[in-house]
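The structure under discussion appears below in the form of structure tokens.
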Amino acid sequence: MNVFDIIGPVMIGPSSSHTAGAARIGRIAYMLLGQPARRAEILLHGSFAKTYKGHGTDKALIAGIMGMKPDDARLRDSFELAKQAGLSFEITTGHLEDAHPNTAQITLYGEDSRVSIRGASVGGGNILINRINGMAVEISGQFTTLIVLHRDAPGTIAHVTELLGSNGINIANFRLAREQKGGTAVMTIEIDGDAGSELNRQVAALENVLGSTMLKPI
Amino acid sequence: MLNYNTIAGLVEQAEQTGKPVSELVLAQQAEQTERPVEDLYEEMRRTFQVMEESVTSGIDPDLRSTSGLTGGTAYRMQQAVREGRTLCGEVFGGALTRALAVSELNASMGRIVASPTAGSCGILPAAVLTLKEARGLDERTCVMSLFTASAVGMVIANNACLAGAQGGCQAECGSASAMAAAALVELAGGTPAMMANAVAIAIKNILGLVCDPVAGLVEIPCIKRNASGVANALCAAELALAGITSAIPVDEVILTMKRVGDTMPSALRETAEGGLAMTPTGRRLFKQVFGT
């Protein structure tokens, strides 16, 4: 804990969980898509579903999806800005099994890509992304995080971690999930300190790696 | 080595070194985060500037919250101060105005500093900026006082909590009020021991305050509790600066806040299932906003 955990964050109100956290979840989806979103489909669950209007959760999510941070003063006008930017969106409410009360499921469509995430706002503006494209992950956004989509083939994890190690990078957390044996799998690697985008390109170029995204701490 | 386990520990270090608590905290934080002192100061200075902006933007007769339930009270309070219609004069009226302004801005999706939470964001800026104006303090003094305030917040977080869902409003507006009282004492040139007494008095005065937001929104009664929180901070700081001490030592008071929070029913901890949220009017306003 440090002083800025107490006096901070600087954020757009009214709620750290329902507004700032929502913007962060949207922003992770934006970063994972890697290009401007043309269409967003959002499903809200639990307290998010019940109270999103009063807390501006919907506006915060759209702002995040457009790449805005939780302290961006344009957040309250995000619907209008989305219209100008050619982003269409649909927000619905429903029930998600085994989900945290403040959960949003977001599917984004870009020019030639698509990503789907499920994220929860777990208090004080902190978030946890727990699914990417249906696969279980755990991303807090507090570390620099590499999300590596790859084929479930022997040696792939070793190649990736070896590359990190040879670049002097220490792994703080590692998690692996796969759809099925031999199918697509995803590594979530939270690292200490920072890493350049060059490293991300090198990871993406490794054998059996389908794609790699580096998220900076949010 | 400075730690944030007890307020008594902070006071002891300050008395031994003869340095203000804020300076000790800044030095310790630089060491802990491996960042230069100037860097941390600069980040706090920018934070302070956001606080100043949030007061200015929040005093607006046309400001309305996203739900439409609240807005415009900071402006009304300011008018009363300007026209000399207040009971307690400019300093007190100015503090109430600023607390309402920041809190209303928060409810209307404006930019604020959570201090320590969004729901209690008006109290600390109101206290510091009011004394800045009343005493003609420079920016550096004010920014430094925020380090003292955050040290108090860290001790409370380590021994109790800062979330209404966990400890009720005493944990949010109460903690903010205690942090503001500490900042006020340092700004007024009080001793570290006076600071500790101000924290104790501020928390004692709001012990047991429930978190019962109408429709679950950070508006009713939160906005007015921010005004009340800065009033309480002024009260606690005034008493401590006059040399009045708390019979119950501050660290025992903080632990009491934790125990009171633990025994508080869940209906009174930010669930909107008790207190003012469950009044006939509270229920009606819920329907008005959410339609169900």
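Quick note on labels: first sequence line is chain A, next is B, and so on, each numbered from 1. Heavy-atom basis, side chains included; hydrogens, waters and symmetry copies ignored.
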(message) Heavy-atom pairs under 4.5 Å with chain B - which of A:Pro70, A:Gly8, A:Ser16 has more of them than the others?
(response) A:Gly8
(message) Is B:Val152 close to chain A through its backbone or its side chain, or both, or neither, when contacts mean heavy atoms under 4.5 Å?
(response) neither
(request) Using non-hydrogen atoms and a 4.5 Å limit, figure out which bit of A:Thr51 sits close to chain B: side chain, backbone, both or neither. (result) both
(request) Find the distance between CG (A:Asp71) and CZ (B:Arg111) and round it off to the nearest 0.5 Å. (result) 5.5 Å
(request) Answer yes or no: are there more than 12 heavy-atom neighbours, outside B:Phe48 itself, under 6.0 Å from its atom CZ? (result) yes
(message) Taking every non-hydrogen pair under 4.5 Å, which of A:Ser47, A:Ala73, A:Ala20, A:Pro9 racks up the most with chain B?
(response) A:Pro9
(message) Just so I understand: if I count every heavy-atom pair under 4.5 Å between each of B:Tyr4, B:Phe286, B:Phe290 and chain A, which residue has the most?
(response) B:Phe290
(request) Count the heavy-atom pairs under 4.5 Å between each of B:Met51, B:Glu43, B:Gln28, B:Glu219 and chain A, then report the option with the highest count. (result) B:Glu43
(request) Let me know if A:Lys50 has heavy atoms under 4.5 Å from chain B in its side chain, its backbone, both or neither. (result) backbone
(message) Name the residue from A:Ile6, A:Ile7, A:Val3 that meets the side-chain contact (heavy atoms from CB on, under 4.5 Å) definition with B:Phe147.
(response) A:Val3
(request) Using a cut-off of 6.0 Å, state whether more than 12 heavy atoms not belonging to B:Glu31 lie near its atom CD. (result) no
(request) Heavy-atom pairs under 4.5 Å with chain B are the metric here; pick the option from A:Asn2, A:Asp5, A:Leu75 that has the most. (result) A:Asn2
(request) Please round to the nearest 0.5 Å and tell me the distance separating atom CE of A:Met11 and atom SG of B:Cys121. (result) 8.0 Å
(request) Would you confirm whether B:Gln29, through its side chain, and A:Phe4, through its main-chain N or O, come within 3.5 Å as a donor-acceptor pair? (result) no
(message) I need the A:Ser78 OG to B:Met109 CE distance, nearest 0.5 Å.
(response) 7.0 Å
(message) I need the minimum non-hydrogen distance between A:Met1 and B:Gln32, along with the two atoms involved.
(response) O-NE2, 2.9 Å
(message) Heavy-atom pairs under 4.5 Å with chain A - which of B:Leu146, B:Leu162, B:Val289 has more of them than the others?
(response) B:Leu146
(message) Which one wins on heavy-atom pair count under 4.5 Å against chain A: B:Ala151, B:Ala149, B:Ala157, B:Ser108?
(response) B:Ser108
(request) Can you tell which part of B:Met179 gets under 4.5 Å to a heavy atom of chain A, answering side chain, backbone, both or neither? (result) side chain
(request) State the CD1-CD1 distance between A:Ile12 and B:Ile112, to the nearest 0.5 angstrom. (result) 8.0 Å
(request) Kindly give the heavy-atom pair with the smallest separation between B:Ala118 and A:Ser15, and that separation in Å. (result) CB-CA, 4.5 Å
(request) Sort out for me which of B:Gly153, B:Ala165, B:Ser67 touches chain A most, counting heavy-atom pairs under 4.5 Å. (result) B:Gly153
(message) Quick check: do A:Lys53 and B:Thr66 have side-chain heavy atoms less than 4.5 Å from each other?
(response) no
(message) With chain A as the partner, which of B:Ala215, B:Ala114, B:Pro116 has the greatest number of non-hydrogen pairs under 4.5 Å?
(response) B:Ala114
(message) Looking at every non-hydrogen atom in both residues, tell me the closest pair between B:Ala107 and A:Pro14 and how far apart they are.
(response) CA-CB, 3.9 Å
(message) Looking at A:His55 and B:Val218, would you say the former's side chain and the latter's main chain have a donor-acceptor pair under 3.5 Å?
(response) no
(message) Counting only heavy atoms from other residues, nucleotides and ligands, does the tally under 6.0 Å from CD of B:Glu42 exceed 12?
(response) yes
(request) Sort B:Leu40 into side chain, backbone, both or neither according to what part of it lies under 4.5 angstrom from a heavy atom of chain A. (result) both
